[in-house]
Structures are given as C-alpha cells and as structure tokens.
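Okay, structure first, notes after.
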Amino acid sequence: MRGAAALGAYRELLKATRKSFAGDSVMLTQSALEIRKKFEENRSVSSELEIQRLVEEAREASQFISTMIVQAKLNERGGYEVKPSKDHVGATLEIPSEESLPKAAS
C-alpha cells in the first residue's frame, strides 16, 4: 500500500491499539507487529481501487478496535472488571464466558 491515505490508516490503527491496549505491553507489541506485517504484505499493490479497499478495511479495523475492544483488568478481589469508555457507547459489548477464557496454570 502506498500514499498518504495508507500512512494515515496505518497511524490510525496504531493509535487505536495504543489506546485500547494501554498498559498491556504484550498486546501493544504484538498488535504493532501484526499491523506492520499486514501493511508490508500489501506494499506492492498498485491498483488504486485495491489500495482504496485496503485503506477502508484498515480504517474499519481501527474503528472496531476503538469501539469494540475493552480489556478486562484484574481487580484486588481476584476478579476481572470491564470499564467501557465513552468511545464504547452504543456498541454491543460481549463479555466472554468462563468456558472461552483460558485457564490459568496452577
């Protein structure tokens, strides 16, 4: 992907992940690596139509990350709390069931 639109979409994605994964260095690192990998995979795309489609996908992903991802944080009682922000207003929030969460190693 080339051009100012691609660079803008790249920056939007990084900004969205920095906000959504603040304080989680593993997720911050892994998401940045994945974003970079996806953009590098499409570096040679030359069709303007395809570039526009990829930029739109990246912008949609940024919006999804910003409004649909909320990290649960371990509280002092040993449970997890989810604190949606104003960015999440109107979004459908799905809290994973106990069955879908990985079990901690004992």
Side-chain angles (χ1 to χ4, degrees):
M1 288 175 28
R2 294 185 248 177
L7 182 58
Y10 181 78
R11 288 178 176 157
E12 284 179 40
L13 273 166
L14 290 177
K15 182 178 178 183
T17 58
R18 281 192 304 267
K19 185 174 183 182
S20 292
F21 302 129
D24 186 339
S25 60
V26 172
M27 283 301 295
L28 285 168
T29 301
Q30 292 303 310
S31 61
L33 289 172
E34 185 66 20
I35 291 166
R36 177 67 181 233
K37 176 182 157 196
K38 293 295 183 187
F39 274 75
E40 287 294 334
E41 286 174 2
N42 293 300
R43 181 182 285 276
S44 64
V45 172
S46 59
S47 161
E48 284 300 317
L49 192 58
E50 184 67 8
I51 291 170
Q52 288 175 4
R53 186 188 67 76
L54 290 166
V55 166
E56 183 58 31
E57 280 183 12
R59 291 209 163 108
E60 287 174 7
S62 176
Q63 183 68 22
F64 180 87
I65 292 166
S66 296
T67 59
M68 301 301 286
I69 295 178
V70 180
Q71 281 202 306
K73 297 195 178 176
L74 186 62
N75 64 28
E76 63 278 350
R77 298 180 311 274
Y80 286 89
E81 291 180 8
V82 175
K83 295 182 181 177
S85 73
K86 64 180 170 86
D87 295 332
H88 300 99
V89 172
T92 303
L93 180 64
E94 293 183 28
I95 299 175
S97 67
E98 290 292 322
E99 293 80 36
S100 67
L101 295 172
K103 300 292 181 198
S106 301

- Item | Test item: Ile35 and Tyr10 side chains (from C-beta on) under 4.5 Å apart, heavy atoms | yes
- CG-CZ distance between Leu13 and Phe64, expressed to the nearest 0.5 angstrom: 12.5 Å
- Out of curiosity, Arg11 CZ to Lys15 NZ, how far, rounded to the nearest 0.5 Å? 11.5 Å
- Message: Would you say that more than 12 heavy atoms from the other residues, nucleotides or ligands in this model lie under 6.0 Å from the CG of Leu49, or not?
- Response: no
- Item | Distance, nearest 0.5 Å, that separates OG of Ser25 from CD of Gln30 | 10.0 Å
- Partners of Glu76 by side-chain hydrogen bond (donor to acceptor under 3.5 Å, both in side chains), sequence neighbours excluded? none
- Item | Test side-chain hydrogen bond (donor to acceptor under 3.5 Å, both in side chains) applied to Arg36 - qualifying residues, sequence neighbours left out | Glu40
- Item | Listed partners of Gln63 passing side-chain contact (heavy atoms from CB on, under 4.5 Å), at least two apart | Thr67
- Query: What is the distance from atom OG1 of Thr17 to atom CD of Glu34, rounded to the nearest 0.5 Å?
  - Reply: 11.5 Å
- Message: According to side-chain hydrogen bond (donor to acceptor under 3.5 Å, both in side chains), who are the partners of Glu50, at least two apart in sequence or on a separate chain?
- Response: Arg53
- Message: Please enumerate all residues that pass ring-ring contact (aromatic ring centres under 6.0 Å, His included) together with Phe21, with sequence neighbours excluded.
- Response: none
- Query: Would a distance-only check, ignoring hydrogens and angles, find a side-chain to backbone donor-acceptor pair under 3.5 Å from Thr29 to Val26?
  - Reply: no
- Message: If the condition is side-chain contact (heavy atoms from CB on, under 4.5 Å), which residues does Ala16 pass it with, not counting sequence neighbours?
- Response: Ser62, Ile65, Ser66
- Residue pair Phe39 / Ala58: nearest heavy atoms and the distance that separates them: CZ-CB, 3.9 Å
- Query: Quick one: does Asp24's side chain have a donor or acceptor within less than 3.5 Å of a partner on Met27's backbone?
  - Reply: yes
